Amino acid sequence: MREVYAERGFEMGGLVLARNFGVVTWGSILAMLIVNVVTAVPLPPPDVAEYCNSEERCCMPRPYVGQPAHQFYPDPELPIRIRRPVHLLTDAEVARLERAYQLQKDLPDSDPRSFTNQAKLHCLYCDSGIYYPDNPWPLEIHNGWFFFPWHRMFLYFHERILAKLLDDDTFALPFWNWDNQTPEEPYANVLPISYAKSGSPLWNQQRNKCAEPPLIIDLNTIGGCTAKSPSVLRTENDRIMYTQVVSGAMSPQLFYGMPYRYGDAGGHGPGTFEDNPHGTVHLWVGNPDSESGMFDDMGNFGRAARDPIFYAHHSNVDRIWTVWNTLPGEQRKAPVDPDFLDARFTFFDENGDLIIVNVSQTLDNELLRFRYEQMPTGWVTNGQLPGEENSVPLCYRGNPTKTRKLIADTPYFKPSMVLHTVPLTFKVQRPRRRPEVGVEVLELSGLSLIPALQAHWEAFLFLPNGNNKTTVSCPEFIGTFNYVAHVGQALFNRERRWRVALGPKIMALGKENYTDVVITLAQFGPNIQPITFERAVVVFDTDGVE
Ligand code: C2O
């Protein structure tokens, strides 16, 4: 694997350049940097055929025989489609779904709508297959603010293609309701039986054997099997959802991820939910013993959409985005930056024609005429009954004297601190003046890691003995970092940041009155490596405040 990466790019003073966009001159690099700093512009619609350079051979069929690319307009005549949870589909609905996928799998390779080509289109956008002519970096749809809108539209056209093949405009994609921990059959938080029947068009061979029903999903997995009991998994899954979607993601930047503009490398940091559990569900389904060593299919960016469960998984990701929009908090809204709203992406519609969508057209699912059936969302209240949110006992019981001593005994963060096999504990000063608006956020930046290896850590607040065995059920758990290497992108060691909201957790722990916070990071996963940090600050994020 490493050789492949090495052949693909070369490094120059911290900049990694892809070789394949022709001649790189220092002038062009300089021009790009200037463009980047002075006039950021939104991403123009990529010509997915012309700009294709895919190590994974994911280019779209050529020649293109459809209509010239045209702008998307939502069709007000389309019936409202209700996306339903897979585990509650009727037999007739499952049969229709199977028929749709069979028809799509039967399309010829020359048809951009075929199942294989749909998987390739995801691979192109998601695994470094598209290069704008004057930009050395591949287009990066993950690890940043385009994650939700791009996947929404990818799914939208996927659904429309299946509907067209069925000749049934009421067809709606189902969602895999893995965030629902209700302990009643049929279980929502296991791989749906209809996707697990070998030979079915919904089945896929490349999967984790521990992701077979009736085994419950582990939303904090690094892939493979778990020894956790069902009740522990249910509790932890609720806590992960609460921390990543509710308490940890109170602003546009926290939820959507870092900005990405034309000319820029992108991938500067995912929103909390993109990272986990979106990413961990991928890893849980992927086969840990796959030949590539990259958890094919679901756990590998380039291959994920070869598994039909990908679409039901992303339908749930999209649904949770709609739930997030309804959570309280004035900062729970989409970014308003024109470089976000005016960015454009190209897809293939149900007729196989190229179609261009602006991000601003993706933000309202009502306009796109689909909805989600309501399902229990116990995680919104941390898996507890309403009104009992703060009743989870702390894992590090203390009193003010003990907390003061802990703060006094903990060193302040220093640049170049390293997280390796031993958990790293440091303190960071909180801003002295607390504005009335905004959310208090911990930001770690100047992160360096070995880009070809996976990296994961858990972070805890005022839990100095936190380690990689500590349960995420502890109220002191504040979030996880998960980095999954892309094919071909591994050498793109971008400026990365990790941000997580502290405010709600500080309140829940009853620690509002201290001037410093004590943070512990514990690394876990198959590739424990030295991870260096240059900066740790606590700031107020006022993104989205009017
Ligand atoms: Cu483009 Cu869940 O991935």
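Computed from a predicted model, the values in this text were never measured in an experiment. First listed ligand is number 1; within each ligand, the first listed atom is number 1.
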Give a yes or no on whether the ring-centroid distance for Tyr372 and Trp321 is below 6.0 angstrom.
no
Do we see a donor-acceptor contact under 3.5 Å between the side chains of Glu55 and Ser128?
no
Are any of the side-chain heavy atoms of Ile141 and His151 separated by less than 4.5 Å?
yes
Within-2.8 Å protein N/O/S contacts of atom 2 (Cu) of ligand 1:
His278 NE2, His282 NE2, His314 NE2
Which heavy-atom pair separates Asp353 from His70 by the least distance, and what is that distance?
CB-CE1, 3.9 Å
Any residue meeting side-chain contact (heavy atoms from CB on, under 4.5 Å) with Asp111, in chain and number order, not counting sequence neighbours
Leu107, Pro108, Arg113
Any chance the SG atoms on Cys210 and Cys225 come in under 2.5 Å?
yes
